[in-house]
Amino acid sequence: MKTLDRILVLRRWTEEPGELTPAEAAQKAGAAVSRFYEIVNAWKADPSIGSVGTFGKKPGRTGERLDGEVVNAIQSVLPRLVSRYKDGKVAFIVELLSREPALQGVSLPHLNTLRKMVEREKRRLRAEEQVGSRPGFDAVGCDLLREDGTHHVVFGVVDRTSRLILGFSVGRIEDSLAAYRRAARDALDRIGRRDAQALPWSDGTTRVDVIVGEDAQAWAAVHAAYVADPIGPVFELVEAPRRFGRYFKIVAGTKLGGMKIWPGRTGVKDDAAVSEGDAYTNEAATTAIEIEIARHNAQVMAESTATGSPRPAPETVRILEFFARA
């Protein structure tokens with residue numbers, strides 16, 4: 001299934017814009033940036049195995065070779081079937097695939113391959129709006145000013161699938177590790193409250209990404225510790241230029257509630273005394289941001305139609321605990 005795993009890079013690039021920079025996507029694809037753009041264009045014109053170029057199966061690898069046209073034919077009907085029978089068993093949907101009129105006469109892959117394709121599509125559809133599938137730790141400057149005239153920076157646990165902010169803190173880019181640690185603790189505290197709002201939780205966490213501040217060395221040590229004893233989800237550090245506010249922008253646009261956020265001004269060296277206005281201590285800023293995040297989350301939940309588990313998956317809690325004590 002390596003070929004299908006690599007196709008997910010292209011799907012993530014095209015279906016989840018803004019989550020990866022070209023350099024990051026190209027690195028995951030194992031191609032130069034210029035080559036990656038060529039592959040993307042080919043994929044958009046013809047989303048098949050044949051268009052992914054160097055993503056194809058390498059010599060010496062074992063396993064079933066999947067025909068591009070067959071995969072395309074399956075993918076043309078699979079999302080519809082899984083969406084229609086979202087509570088149906090995998091075996092039932094595989095049987096429907098074998099009887100699908102559009103697939104008659106097609107030489108389908110092995111049964112185990114079909115099962116894996118169905119299972120993956122079920123996970124993808126189920127996680128589209130659920131909470132906890134793909135949290136990201138992000139930092140962004142906001143309208144509130146520090147006493148020195150610079151922007152307060154919000155460090156958040158940004159849930160990229162549900163668009164909720166699960167926890168936050170205020171802090172400084174130079175010590176993002178401590179700020180994200182506080183944000184993770186805040187998320188755990190909110191999840192554990194007796195009066196916590198019921199959320200549609202995912203059955204698991206597939207990945208977590210951290211927008212690294214100016215303390216990259218500290219984060220490298222944290223990442224090494226995770227690699228040595230992984231909890232389960234993919235954990236990656238994002239250190240690309242202009243990275244700050246990436247996930248906040250995806251889930252909230254230019255405002256959190258009624259508070260404007262400034263990705264472009266976050267982490268800028270000449271940010272000193274950028275504006276004049278009321279100064280907020282860390283405590284006062286935290287209180288004000290709390291109100292705006294509550295407004296944002298309330299709006300997101302009002303628009304959500306997602307269903308899920310009543311409680312977060314154990315690995316979701318474990319990954320938050322990992323960052324809370326990092």
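Worth saying up front: this structure is predicted, and the values here are computed from it rather than measured. Residue numbers start at 1 and run along the sequence shown.
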Ion pair Asp189/Arg193, N-O distance below 4.0 Å: yes
Check: Arg181 side chain, Ala326 main-chain N or O, donor-acceptor pair, under 3.5 Å: yes
Trace of the side chain to side chain contact (heavy atoms under 4.5 Å, CB included) decision for Val153 with Val140: CA-CA 5 Å; Val153 178; Val140 69; 5.8 Å; no
Side-chain touch Ile289/Met259, heavy atoms, less than 4.5 angstrom: yes
Heavy-atom closest contact (Ala324 atom, Ala184 atom, distance): N-CB, 3.7 Å
Spacing of CZ belonging to Arg265 relative to OG1 belonging to Thr150, to within rounding of 0.5 Å: 12.0 Å
Any donor-acceptor pair under 3.5 Å from Lys122 side chain to Gly88 backbone: yes
Output field: ring centroids Phe235/His223 closer than 6.0 Å: yes
Salt bridge present between Glu100 and Arg80 (N-O < 4.0 angstrom): yes
Atom pair CZ/CZ of Arg120 and Arg115 - distance to nearest 0.5 Å: 14.5 Å
Aromatic contact, Phe92 with Tyr85 (centres under 6.0 Å): yes
Heavy-atom side-chain proximity of Arg163 to Glu303 below 4.5 angstrom: yes
Pair Arg190 + Glu290, salt bridge at N-O below 4.0 Å: yes
Arg318 and Glu321 ion-paired at < 4.0 Å: no
Any donor-acceptor N/O pair, Asp215 side chain to Leu177 backbone, under 3.5 Å: yes
ILVMFWY cluster, Leu144 and Ile291 together (side-chain gap under 4.5 Å): no
Whether Ser162 side chain and Leu164 backbone form a donor-acceptor pair below 3.5 Å: yes
N-O pairing of Arg160 and Asp209 below 4.0 Å: yes
Nearest non-hydrogen partners of Ala279 and Glu147, listed with the distance: CB-CA, 3.8 Å
Leu256 and Ile165, any side-chain heavy atoms less than 4.5 Å apart: yes
Any donor-acceptor N or O pair under 3.5 Å, side chains Thr316, Thr205: yes
Path from Ile231 to Trp219 over hydrophobic side-chain contacts below 4.5 Å: yes
Name of the residue among Asp159, Val158, Asn297 meeting side-chain contact (heavy atoms from CB on, under 4.5 Å) with Leu166: Asp159
Side chains of Thr254 and Trp262 in contact at under 4.5 Å (non-hydrogen atoms): no
Polar side-chain atom of Ser309 near backbone of Arg311 as donor-acceptor pair, under 3.5 Å: no
Any side-chain heavy-atom pair of Leu145 and His152 under 4.5 Å: no
Minimum-distance pair of heavy atoms, taken over all atoms of Gly132 and Thr161: N-OG1, 4.4 Å
Under 3.5 Å: donor-acceptor pair, side chain of Ser76, backbone of Ala73: yes
Asp186-Ser169 side chain donor-acceptor pair, cut-off 3.5 Å: no
Exam field: side chain Thr266 to backbone Gly141, donor-acceptor pair closer than 3.5 Å: yes
Salt-bridge criterion met for Glu292 and Lys255 (N-O under 4.0 Å): no
Test of ring centre spacing under 6.0 Å for Tyr226 and Phe323: no
Side-chain heavy atoms of Gln130 within contact of Trp201, under 4.5 Å: no
Residue pair Asp278 / Tyr280, side-chain heavy-atom distance below 4.5 Å: yes
Donor-acceptor contact present, side-chain Gln197 to main-chain Met301, <3.5 Å: no
Residue pair Leu108 / Ser98: nearest heavy atoms and the distance that separates them: CD1-CA, 4.0 Å
Side-chain donor/acceptor of Asp138 to backbone N/O of Ile211, under 3.5 Å: no
Cys142 SG to Lys260 NZ distance, which is reported to the nearest 0.5 Å: 12.0 Å
Where Ala179 and Gly171 come nearest, the two heavy atoms and their spacing: CB-CA, 4.3 Å
Min side-chain heavy-atom separation Met117-Ile74 under 4.5 Å: yes
Verdict with reasoning, Leu97 to Leu78, per side chain to side chain contact (heavy atoms under 4.5 Å, CB included): CA-CA 7 Å; Leu97 277 173; Leu78 182 58; 4.0 Å; yes
Verdict with reasoning, Arg146 to His151, per side chain to side chain contact (heavy atoms under 4.5 Å, CB included): CA-CA 6 Å; Arg146 301 185 182 115; His151 293 282; 5.9 Å; no
Check: Thr286 side chain, Asn282 main-chain N or O, donor-acceptor pair, under 3.5 Å: yes
Qualifying residue, where the test is ring pair (Phe, Tyr, Trp, His ring centres under 6.0 Å) with Phe155 and the options are Tyr180, Phe244, Phe137, Phe248: Tyr180
Transitive ILVMFWY side-chain link Val212 to Val234, under 4.5 Å: no
Pairing of Glu95 and Arg99 as salt bridge, 4.0 angstrom limit: yes
Where Val70 and Pro109 come nearest, the two heavy atoms and their spacing: CG1-CD, 4.0 Å
